[in-house]
There are 2 protein chains.
Amino acid sequence: MQPQRRTRAEMIEETRAKLVAAARIAFASQGFAHTSMDDFTAAAGLTRGALYHHFGNKEGLLLAVIEQIEAEVGDHLQAVSDAAPSPWEGFRRRCRTYLELALEPEIRRIILQDARAIFGDVPQAAQSVGIAALQTSLDGLIAEGVVAPLHTNVTARMIYGAVTEASFWIAEPEGDQEARLEQALEGLERLLGGLLIH
Amino acid sequence: MQPQRRTRAEMIEETRAKLVAAARIAFASQGFAHTSMDDFTAAAGLTRGALYHHFGNKEGLLLAVIEQIEAEVGDHLQAVSDAAPSPWEGFRRRCRTYLELALEPEIRRIILQDARAIFGDVPQAAQSVGIAALQTSLDGLIAEGVVAPLHTNVTARMIYGAVTEASFWIAEPEGDQEARLEQALEGLERLLGGLLIH
DNA sequence: TAATTGACATACATTTCGTACGTCAATTAA
DNA sequence: TTAATTGACGTACGAAATGTATGTCAATTA
């Protein structure tokens, strides 16, 4: 029988989860570089000892946070894409949704700014879910004859890059974000139009 | 008459230039975060005292380095664009050249990774020369009726983002970089094709 | 019940940033 | 020509923050 409440593995998992959650909040609000490990480990009721034991160093923890966020984003995008009436429409909605997601400060700060600075690209391990899924979509569209054949790997990346860059512009504080989002979608529509078989 | 060799202002400018040059090398090779200010100031034959006097802090120095690089890149791109036989061709060559420039480790590391992490976007002050010039090109192409009207600001940014993201992929160490560059250019051609009046 | 593993805390050494202050040469004014 | 002042730059110090080494205690296993 198990000791009263939880098994040991469960408590360990809970510790890891608490650290990741606390780090996620801290990284998102202050940025990776300006976040002290003492601060948010204390906020989680732990010390840096636990952190180094589980994640090795500060970057290891950032990696865990990135993987968690990427998983959530991936699930969200997949759901949006699956709900669309056609593959091409699913592709468009996926791009649009990613654009909206990238407006969340947490994602911009952690994934688009800090992750790239620390790991160069979004790490291959958690190869950006956004890119991978875009590529899959493109492959399907080519198979169906909607999109003319091309190198889906680079193309997916370029679309990802375009959307990412646009999000920084849309997210600028002054002015009308909603209007900028619409303008970005128009521009994106035009660029994507170049992929279609005319 | 001036004291023998150089005036005071010249020596000051030389000091600034030495610091920027040393920092540029250090940032490019080790990254901003892992660069110790003591190390490269010593390499320049100076101390951190000079650095703080001229640039305020580490980020101020990074800003100066960014501005220097952006100016060089801008000049280079302008020359390439001007030499093209037609505006549309100039636009294409500009994109291509930027893609090639982004393959240089110095530019990827400092401009595409660290600058974004520290300043959010490439700082508005030195509003990315690449983006601004792309927008100007687009405006011209629309005026000539080559490109259908659109929001050139976002679109220029998205193209910049696409190219930037592609460069990370092309620059991956393993495999054939040249082949990837060609694939990226093909994909870029397709995306840009969506802008043309058909 | 004894032994061992490992999750986590604590204490310490090291590095690095930023600031305060000092110095000395170059410019300027008398 | 000389005295005064400015400012470029070095030096010394304090404050953090990271990583490591070590210790403890509970939970598993034999």
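Values below: every heavy atom of this structure, side chains too, minus hydrogens, waters and symmetry copies. A note on names: the letters A, B, ... follow the listed sequences, proteins ahead of strands, and every chain is numbered from 1.
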**OP:** Could you state the atom-to-atom distance from CG of B:L61 to C1' of C:dT16 in whole Å?
**Re:** 15 Å

Subject >> A:L195 to B:R190 - nearest heavy-atom pair and separation >> reply: O-NH2, 2.8 Å

Subject >> B:L51 CG - C:dT16 P separation (whole Å) >> reply: 15 Å

**OP:** Determine to 10° how strongly the helix from C:dT1-D:dA30 to C:dA30-D:dT1 is bent, judged from the axes of its five-pair ends.
**Re:** 10°

**OP:** Please determine if a side-chain N or O atom of A:H54 lies less than 4.0 Å away from the OP1 or OP2 oxygen of C:dA7.
**Re:** no

Original post:
Given side chains that start at C-beta, do those of A:R92 and A:S86 come closer than 4.5 Å, heavy atoms only?
Top reply: no

Subject >> Derivation and outcome, side-chain contact (heavy atoms from CB on, under 4.5 Å), residues A:L62 and A:F119 >> reply: CA-CA 10 Å; A:L62 175 61; A:F119 297 113; 3.9 Å; yes

Could you run down the sub-3.5 Å N/O contacts of the protein with nucleotides 4-6 of chain C?
none

Subject >> Which atom of B:G187 lies closest to which atom of A:T155, heavy atoms considered >> reply: CA-OG1, 4.2 Å

**OP:** Name the nucleic acid region contacted by B:L46, choosing base, sugar-phosphate or nothing; use a 4.0 angstrom heavy-atom cut-off, strictly under.
**Re:** sugar-phosphate

Original post:
Which heavy-atom pair separates B:F40 from B:A22 by the least distance, and what is that distance?
Top reply: O-CB, 3.6 Å

**OP:** Please report the shortest heavy-atom distance between B:R116 and A:L112, naming the atom on each side.
**Re:** CD-O, 3.7 Å

Subject >> Any A:T15 side-chain nitrogen or oxygen under 4.0 Å from OP1 or OP2 of C:dC8 >> reply: yes

Subject >> Residues B:W88, B:L196; criterion side-chain contact (heavy atoms from CB on, under 4.5 Å); working and verdict >> reply: CA-CA 9 Å; B:W88 175 250; B:L196 290 171; 3.8 Å; yes

Original post:
Tell me: NZ of B:K18 to C1' of D:dA8, nearest whole Å?
Top reply: 13 Å

Original post:
Rounding to a whole Å, what distance do you find between A:H34:NE2 and C:dT16:P?
Top reply: 17 Å

**OP:** Using modelled atom types only, decide if a donor and an acceptor are shared between the side chain of B:S81 and the backbone of B:L77 within a distance under 3.5 Å.
**Re:** no

**OP:** Summarise how protein sits on nucleotides 17-22 of chain C as a single string, 5' to 3': B when a protein heavy atom is under 4.0 Å from the base, S for sugar-phosphate-only contact, - for no contact.
**Re:** BBB---

